[in-house]
Protein chains: 2
Amino acid sequence: MLDANRIRVLVEIAHAGSIAAAAERMSFTAPALSQQLAKLEHELGCVLVERGRGGARLTEAGRVLLGYGERVLGELRDAETAVRAIAGEAPRRLSLGAFASAGKVLVPSALAAFGQAQPHVRLALFDIEPPDGYGLVASGELDLLITHRYPGVPLPDAGRLHREQILIDPLLLVLPEGHPAATADADPHLADLVGEEWICGAPGISNRTALDSAAETEGVHLDVAYETRDYEVTLALVKAGVGIGFVPQTILRAEPGAGWAARPLAGQRPAREIYVVHRSRPPAPVPAMVETLRRSARRALD
Amino acid sequence: MLDANRIRVLVEIAHAGSIAAAAERMSFTAPALSQQLAKLEHELGCVLVERGRGGARLTEAGRVLLGYGERVLGELRDAETAVRAIAGEAPRRLSLGAFASAGKVLVPSALAAFGQAQPHVRLALFDIEPPDGYGLVASGELDLLITHRYPGVPLPDAGRLHREQILIDPLLLVLPEGHPAATADADPHLADLVGEEWICGAPGISNRTALDSAAETEGVHLDVAYETRDYEVTLALVKAGVGIGFVPQTILRAEPGAGWAARPLAGQRPAREIYVVHRSRPPAPVPAMVETLRRSARRALD
DNA sequence: TAGCAGGCTCAACTTCACCTTACGCTTCGA
DNA sequence: TCGAAGCGTAAGGTGAAGTTGAGCCTGCTA
């Protein structure tokens with residue numbers, strides 16, 4: 001039978017990106033992990049990790065084993081909390097991963113409400129940018145993940161994890177106050193905004209993919225002049241009149257409404273979908289937190 | 001994190017029924033398992049196993065951990081075979097659990113066909129009487145389980161295992177040749193057979209539960225004069241004229257038809273349902289074997 | 001009531017697997 | 001050409017795990 005500790009070594013190496021970094025996280029030295037990994041590879045008769053300058057990357061066999069290994073570690077963690085729960089010991093920690101803008105808008109109110117309802121549970125919050133984080137949930141490093149999908153971006157395979165949509169967050173066009181499109185009678189089309197300087201994430205960032213796919217649908221090309229993935233920066237730039245952007249409605253709700261105007265796009269109604277992801281039989285505080293997040297999500301749009 | 005080897009100790013103890021028997025199976029001595037189990041219990045702060053004369057029984061906490069532990073072990077096994085499959089190493093063994101009468105009728109033809117199609121796969125066959133065997137599948141000790149449900153007997157919770165019905169096997173009344181009910185124009189009711197001496201399993205055996213629940217439905221009481229769970233014995237006794245019984249149609253198909261007569265029961269049409277159970281992502285030969293069994297099941301009734 | 005057998009546990013000893021330290025190799029960038 | 005980052009190998013100490021042997025409890029039996 002494969003050794004669970006060696007599996008854990010593989011999982012940590014995969015998550016950390018290198019043997020040295022994984023050793024650091026596990027409070028071991030690099031040779032220890034190197035030896036364990038070598039034994040695992042020898043036992044299986046195949047290479048699991050490609051070593052190279054700048055870290056370690058998994059081979060196909062390594063990725064397959066990673067998937068199983070994450071589930072094994074998750075089951076082991078859940079087993080422990082489940083048994084302790086039977087013995088009357090309530091879980092005292094819940095770790096939550098969220099993307100940056102959820103961490104600023106959706107999560108704080110939920111955390112506050114949850115902290116009041118269950119003051120004995122310590123909350124650990126991690127910044128996880130989609131599409132990452134599924135493996136961390138599977139392996140139990142995270143109990144709950146808040147992730148999103150922008151239009152044009154595929155949703156990752158959830159494996160045996162449970163995924164639930166908690167919010168559809170419309171993407172609104174944000175313009176400087178006084179911009180012609182802000183005051184026009186009809187909602188603007190993308191085609192009306194081709195000459196603008198756009199503020200958006202760099203290529204590969206979800207909102208950029210969404211903007212590009214919306215533009216492609218309309219058959220136009222947009223000029224992204226300022227690249228930032230931070231919606232607060234986007235809004236500041238819009239207020240400064242340097243360009244226009246696409247911003248989720250929940251972000252705008254939390255922002256003082258001076259210096260900018262928001263309008264829906266005519267035709268397409270792009271929106272980002274927000275999901276929570278957790279294991280199928282999560283530890284006790286997770287369902288409560290999910291319910292809190294659902295409520296928080298409902299309030300985020302009203 | 002819980003130690004997977006200690007979890008394995010618990011699972012083996014649960015399956016074997018005692019520390020000594022589990023030690024035997026694992027090729028360890030009893031004190032070794034005792035110590036590992038004690039450490040596991042100490043680590044979790046609760047008793048997992050009630051020790052007593054005649055073996056060991058799990059506590060509630062132990063049963064919960066058993067469920068998780070079986071999944072962990074199953075994942076570890078499947079991980080190994082999946083990685084080896086990528087490395088081009090085909091699995092060479094498939095272990096199959098089946099209840100006795102399936103082992104005599106349904107399985108042999110399937111095993112023969114499978115052995116011809118995949119001669120390199122060694123088959124290991126185990127006698128597992130329902131409702132047992134689910135844990136063995138989960139932990140990977142079995143790759144495939146053939147189990148059944150008789151009317152009136154609840155189907156166990158399959159957890160995360162995949163269960164598929166492959167056959168509905170009608171239960172027919174079996175009478176000595178020349179018995180009045182065998183030659184009557186209409187199918188007999190149970191009420192017509194109250195005075196008979198029945199041949200059936202002991203209380204608690206599935207077919208006895210089925211017979212009792214059928215009798216209860218009709219509001220009659222039947223007299224079981226001969227207790228045997230073996231349908232070949234049942235048939236021999238019927239041929240000898242000492243009583244009547246209920247036998248699945250597939251069993252009768254495989255039996256030379258002299259000395260007895262079979263008829264369906266009027267009103268109720270009791271049947272045993274036959275299922276295959278395996279893990280959700282089973283090793284490679286399992287789907288092929290399931291397909292072989294499906295075909296074998298279809299032929300068993302025609 | 002004593003003896004016995006099955007099953008679990010305790011204590012001392014031994015072994016071996018794992019981790020650490022120290023050193024060497026390779027690659028990339030300054 | 002040097003240095004830094006990352007990985008591998010070798011040698012050595014330590015602790016955990018398994019074995020042996022003895023003891024305890026419980027239920028059966030003579």
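To find a chain, count down the sequence lines: A is the first, B the second, and so on, and within it residues start at 1.
Per the geometry, CZ belonging to A/Arg51 stands 16 Å off C1' belonging to D/dA5, to the nearest Å. Rounded to whole Å, the distance from NZ on A/Lys39 to P on D/dG8 is 14 Å. Rounded to an integer number of Å, the gap from B/Asp3 CG to D/dG15 P is 18 Å. As a whole-Å value, the separation of A/Glu50 CD from D/dG6 C1' is 15 Å. To the nearest angstrom, P of D/dA16 lies 12 Å from NE2 of B/His42. Rounding to whole angstrom units, CD of residue A/Glu41 and P of D/dC7 are separated by 12 Å.
Shown here are the side-chain contact (heavy atoms from CB on, under 4.5 Å) partners of B/Val224, two or more places apart in sequence or in another chain: B/Trp198, B/Cys200, B/Arg208, B/Leu211, B/Glu227. Contacts of B/Arg93 classified as salt bridge (Lys or Arg N to Asp or Glu O under 4.0 Å), with partners at least two apart in sequence or in another chain: none. In this structure, the side-chain contact (heavy atoms from CB on, under 4.5 Å) partners of B/Glu80, at least two apart in sequence or on a different chain, are A/Leu2, A/Leu44, B/Arg84.
Applying the side-chain contact (heavy atoms from CB on, under 4.5 Å) test between B/Ile128 and each of B/Leu142, B/Ile146, B/Thr147 identifies B/Leu142 as the sole match. Tested against A/Arg8, the residues A/Gln36, A/Met26, A/Glu70 include a single side-chain contact (heavy atoms from CB on, under 4.5 Å) partner, A/Met26.
Contact annotation: the side chain of B/Leu37 approaches that of B/Arg51 to within less than 4.5 Å [non-hydrogen atoms, C-beta and beyond]. Two residues are said to be in side-chain contact when any heavy atoms from C-beta on lie closer than 4.5 Å; A/Glu141 and A/Arg77 meet this criterion.
Within the 3.5 Å criterion, the main-chain N or O of B/Asp230 finds a donor-acceptor partner in the side chain of B/Thr234.
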Original post:
Taking protein heavy atoms under 4.0 Å as touching, what does nucleotides 20-27 of chain D look like 5' to 3' if B marks base contact, S marks sugar-phosphate-only contact and - marks none?
Top reply: BB----BS
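Residues A/Asn207 and A/Tyr231 have side chains that bring a donor and an acceptor to within less than 3.5 angstrom of each other. A/Arg272 and A/Tyr150 form a side-chain donor-acceptor contact under 3.5 Å, judged by distance and modelled atom types alone. Neither side chain, B/Tyr68 nor A/Arg281, offers a donor N or O lying under 3.5 Å from an acceptor on the other.
If you walk DNA chain C from 5' to 3' and mark each nucleotide with an atom closer than 4.0 Å to a heavy atom of chain A, the marks span C/dC18 to C/dC28.
A heavy atom lying under 4.0 Å from DNA chain C marks none of the residues of residues 10-24 of chain A.
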